[in-house]
Peer 1: 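Following this message is one structure expressed as structure tokens.
Order of the sequence lines sets the chain letters (A, B, ...), proteins ahead of strands, with each chain counted from 1.
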Number of protein chains: 2
Amino acid sequence: MANERVSGATVARLPNYLRCLIDLAANGAASVSSERLAELSDVNSATVRRDLATLGITGTRGVGYDVKYLVFQINAALGLNQAWPILVVGVGNLGRALANYGGLESRGFPIRALLDIDAALVGDVVAGVAIEHLDDLDAVVEREDVAMAVIATPAAVAQEVAEKLTAAGIVSILNFTATPISLPDEIEVRRVDLATELQILSFYQQRRTAARGGTGVPLTSAPALSAPS
Amino acid sequence: MANERVSGATVARLPNYLRCLIDLAANGAASVSSERLAELSDVNSATVRRDLATLGITGTRGVGYDVKYLVFQINAALGLNQAWPILVVGVGNLGRALANYGGLESRGFPIRALLDIDAALVGDVVAGVAIEHLDDLDAVVEREDVAMAVIATPAAVAQEVAEKLTAAGIVSILNFTATPISLPDEIEVRRVDLATELQILSFYQQRRTAARGGTGVPLTSAPALSAPS
DNA sequence: TTCTGTGAAATAGTTCACAGCG
DNA sequence: CGCTGTGAACTATTTCACAGAA
């Protein structure tokens, strides 16, 4: 296969390219220039060209890239030419939100199972999927042939759940809780945390406010620091 | 104020340091070495030292950093010495999940308002907050003095909602929909998209599978590409 | 002696700018 | 002629490694 070593930065941009390309295709565009795709994805056009070149994807000089081919190739690079069934552990509000959100199924990640430790929930059907008990994890993984899971439990049990998932054969985990989980290197984990995102926003917002002379916001400001030499 | 220019990479790590430090403090640790904090945060210790130095935070040679002081300083750097009230637009499953998730309130982001366009929802109370109509946005922003908002609507209306938020005076937005929104530079926006995260996981998973000789997974593999010279 | 603070080296990622293909 | 593909310059970020403070 053609891909050498694809940088993390490149990988992170691929889903965005894909989304833009799907829009373009829906609007009937047959080809697209790196310039245009760059504009839609909010990156530099050289970056687009280099990312694609890295994947071994080639365009036509003087014309651009074939939209359909590009979609196919990026899908292939991301491993999306097949659907990846997923399971969701934790059917609280968040788990339900995920189950009812059609965007996963439509983008190639059908939710095949919902698991919880609460026996009272077992058997309830959410978005067409019956909730099963976490104790049956092994059987579920085998039955549905899933390799990816989303953890939507309370943070306190995330690590424990992650270990069970790993033991059951899950190899990629999206952790939606506030605590990071640690697993062997061969398991791929990504964490998404709302509070983290808001805190980052807060940093920039605070800075902006400070730059404006601190109008309005009554910051309990830190004691002045002696700057290091 | 002591902060020169803090890199985005550094800012993104601060919430993680903070979480680790709060754990340490809860366990009674009075001081922490960069080595230990690095280990907990899964980064290199030199990175920790440099990040802190960038913020003007200084430790004690031979000892480490004072945990409580560090928490205070990072909080200050992130602008978290005050609470940032937020509002959530879109009270579907996701909006409800956010409203019921205590992790935001406890980390300094109390949800002060829930807005929706569906008149049938207006007046319902979710997690102690009454749903209001999006048309009343201006009044709500003024009344609650909020500067940050989370968009949890269907993707199709995200852009429109974002513009209304901006017009109403919101300056930081967390976009939880699949489509990016574009706004003037002075508005800070972050997008979190589930499918994007899963696609990134998929890339690494596919690669791992391929490396193992493709056992099991029946990938519709792309036609072999001629590698560029 | 331990652990910070930081020059300097190394690595990663972006962008320019242009030769050259279609 | 327009646009790709890519050397080479540039910028950002990480990491090493060590002088020096407590």
Peer 1: Rounding to a whole Å, what distance do you find between A/Asp66:CG and D/dT4:P?
Peer 2: 13 Å
Peer 1: Give one of base, sugar-phosphate or nothing for A/Arg13, where a contact means two heavy atoms less than 4.0 Å apart.
Peer 2: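 Sugar-phosphate contact only - A/Arg13 comes under 4.0 Å of backbone atoms but never of a base.
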Peer 1: When you measure from the side chain of B/Arg61, which nucleotide among D/dG20, D/dT4, D/dA17 comes out closest?
Peer 2: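 Of the options given, the side chain of B/Arg61 lies nearest D/dG20.
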Peer 1: Within less than 4.0 Å of OP1 or OP2 of C/dT4, is there a side-chain N or O belonging to B/Ser34?
Peer 2: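 Checking C/dT4 against B/Ser34, a side-chain N or O does come within under 4.0 Å of OP1 or OP2.
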Peer 1: Using atom CD of A/Glu39 as one end and atom P of C/dT15 as the other, report the distance to the nearest whole Å.
Peer 2: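 It is 15 Å, rounded to the nearest whole Å.
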Peer 1: Check whether the side chain of B/Arg50 and the base of D/dT15 form a donor-acceptor pair under 3.5 Å.
Peer 2: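 Yes, a donor-acceptor pair under 3.5 Å.
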Peer 1: What nucleotide among C/dC3, D/dT15, D/dT6 has an atom nearest to a side-chain atom of A/Ala46?
Peer 2: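 Nearest to the side chain of A/Ala46 among the choices is D/dT6.
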Peer 1: Checking side-chain polar atoms at under 3.5 Å, does B/Arg49 have a donor or acceptor matched by the opposite partner on B/Ser45?
Peer 2: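 Present: a donor and an acceptor within the cut-off.
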Peer 1: Apply the test side chain to side chain contact (heavy atoms under 4.5 Å, CB included) to residues B/Val71 and B/Leu24: give CA-CA distance (whole Å), side-chain angles for both, the deciding distance (0.1 Å), then the verdict.
Peer 2: CA-CA 10 Å; B/Val71 167; B/Leu24 285 168; over 6 Å; no
Peer 1: What's the separation between atom CD1 in A/Ile86 and atom OG in A/Ser172, rounded to the nearest 0.5 Å?
Peer 2: 11.5 Å
Peer 1: Would you kindly give the CG-to-C1' distance between A/Asn44 and C/dA17, to the nearest whole Å?
Peer 2: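 In whole Å, C/dA17 C1' and A/Asn44 CG are 12 Å from each other.
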Peer 1: Using the side-chain heavy atoms of B/Ala9, tell me which of these nucleotides is nearest: D/dA8, D/dT14, C/dG5.
Peer 2: D/dT14
Peer 1: Of the nucleotides D/dG5, C/dT6, C/dC16, which one has an atom closest to the side chain of A/Tyr65?
Peer 2: D/dG5
Peer 1: Does a side-chain N or O from A/Thr47 land closer than 4.0 Å to OP1 or OP2 of C/dT15, or not?
Peer 2: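 It does, given that an N or O in the side chain of A/Thr47 lies less than 4.0 Å from OP1 or OP2 of C/dT15.
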Peer 1: Considering the options A/Asp51, A/Asp42, A/Thr47, which one meets the side chain to side chain donor-acceptor pair (under 3.5 Å) requirement together with A/Arg13?
Peer 2: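 The passing option is A/Asp51.
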Peer 1: Between A/Leu37 (CG) and D/dG5 (C1'), how many Å, whole number?
Peer 2: 16 Å
Peer 1: Please give, in whole Å, the distance from D/dT6 P to A/Leu55 CG?
Peer 2: 13 Å
Peer 1: Taking the minimum atom-to-atom distance to the side chain of A/Ala53, which one of D/dG2, C/dT4, D/dT6 wins?
Peer 2: D/dT6
Peer 1: Find the distance A/Leu52:CG to C/dT15:P and express it as a whole number of Å.
Peer 2: 15 Å
Peer 1: Nearest to the side chain of A/Thr60, heavy atoms from C-beta on, is which of D/dT13, D/dT6, C/dG22?
Peer 2: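 The nucleotide sitting nearest to the side chain is C/dG22.
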Peer 1: Which comes earlier along DNA chain C counting from the 5' end, the contact point of A/Arg49 or that of A/Ser7, where each point is its nearest nucleotide?
Peer 2: A/Ser7
Peer 1: Is any side-chain nitrogen or oxygen of A/Thr58 closer than 4.0 Å to OP1 or OP2 of D/dT4?
Peer 2: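 Checking D/dT4 against A/Thr58, no side-chain N or O comes under 4.0 Å of OP1 or OP2.
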Peer 1: Working to the nearest 0.5 Å, report the span between CG of B/Leu21 and OH of B/Tyr69.
Peer 2: 13.5 Å
Peer 1: Atom CG of B/Asp42 to atom C1' of D/dT14: distance rounded to whole Å?
Peer 2: 14 Å
Peer 1: Whole angstroms only, please: what is the CD-C1' distance between B/Glu35 and D/dA17?
Peer 2: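 That distance rounds to 13 Å.
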